[in-house]
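Keep in mind it's a predicted model, so treat the numbers as computed, not measured.
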Amino acid sequence: MSAFTYLRKLLLGETWVLPAGLTVAFAAAVLVREVAGTDGWWESSGGFVLLGLVLAALVASLRIR
Amino acid sequence: MAFFLTAAGAALAVALELLEALAIVLAVGLVRRPRDAVVGALAATVVLAALALIAGPLVLAALPEDVLELVIGVLLLLFGLEWLRKGVLRLSGRRSRSSAYREFIEEQDALEALPPPAPGRGDWAGRAIAFKGVFLEGVEVILIVSALGARPGGLTPALVGAGAALVLVVATGVALRSPLSRIPETHLKFTVGLVLSAFGVFLAAEGLGVEWPLGDAALLYVGAALAGVALAQVAMLARASRISAG
């Protein structure tokens, strides 16, 4: 296994779906935060938005193989 | 709460990674020569210690707190969700169970195919295999412990957990001279995936300006939500496999 392949597997895992899903999840969370404003409901409830997006990324990584 | 979860998460993650490294070192020691296995493992430990000094105090400590929380959160999610994904696939029967003992047997078979070491000379093949085994598993240990230890107040529990795991695994290896074959590795890795992922969501959200209701106790309901969805996926995938099998 080459050094690049090892590093890719170490950091991104065996599938591209999970890191791609996480990227989408964080991009969506940042977008929602920008729309909602950092002092509004985001501060108390934004964690649940991120949790939901991360769970969706996990489920997608199990379905798309 | 956070202290206990950090220590437990670090201990479990480090113990499981070290069990895999131990399987390779023991195979080299038993098939080749114990001294060369120890030399390779010690050399890898020295390199890993240098890497730990760079990853922890130099790189992570130089970041502002909110950026640090976001970086650590993403890093823990990358590791944690991958462990969780594999755990779901293993528990649902879609993938073979994890076993350091099986790796030990496979490594022994591969080593027996190599020419034996020359008497009176250093066994560089054995040393290199032991070095690679310890180094590759150790890099993951360094990244997980650095990430868990980089949050405010996280260093002590992360080091306590990692130290306890190190002592336990090395003592077990010295005493038994064989990897444990009855450890429920698949379930433990699933649990580590849950703990790392819960910390990942918790810290990444804080890095994005979130104040979790109930403070550190949020780790419990975030972990419970992850566990609920993961176990539901195990049940759904297992049922789908049974239906397609007949």
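No part of B/Ala198 comes within reach of chain A, as not one of its non-hydrogen atoms sits under 4.5 angstrom from that chain. Both the backbone and the side chain of A/Leu51 come within contact range of chain B, each with at least one heavy atom under 4.5 Å from a heavy atom of that chain. At a 4.5 Å heavy-atom cutoff, the contact between A/Val30 and chain B is made by side-chain atoms alone. Using a 4.5 Å cut-off between heavy atoms, B/Val201 touches chain A through backbone and side chain atoms alike.
Closest heavy-atom contact between A/Gly46 and B/Val210: C-CG2, 3.7 Å. A pairwise comparison of heavy atoms in B/Gly209 and A/Glu43 identifies O-CG, 3.6 Å as the closest pair. Closest of all the heavy-atom pairs between B/Ala225 and A/Leu55 is O-CD2, 4.2 Å.
A distance of 9.5 Å separates CG of B/Leu81 from CG of A/Leu62, quoted to the nearest 0.5 Å. Here the OG atom belonging to A/Ser61 is positioned 8.5 Å from the CD atom belonging to B/Gln233, to the nearest 0.5 angstrom.
By the 4.5 Å heavy-atom criterion applied to side chains, A/Leu22 and B/Val74 are not counted as neighbours. By the 4.5 Å heavy-atom criterion applied to side chains, B/Ser197 and A/Val54 are not counted as neighbours.
Side-chain atoms of A/Trp42 come within 3.5 Å of backbone N or O of B/Leu208 as a donor-acceptor pair.
The 12-atom threshold is not exceeded at CZ of B/Arg239, counting heavy atoms of other residues, nucleotides or ligands nearer than 6.0 Å.
Between A/Phe48 and B/Tyr221, the ring planes lie parallel to each other; the angle is under 30°, not in the 30° to 60° tilted range.
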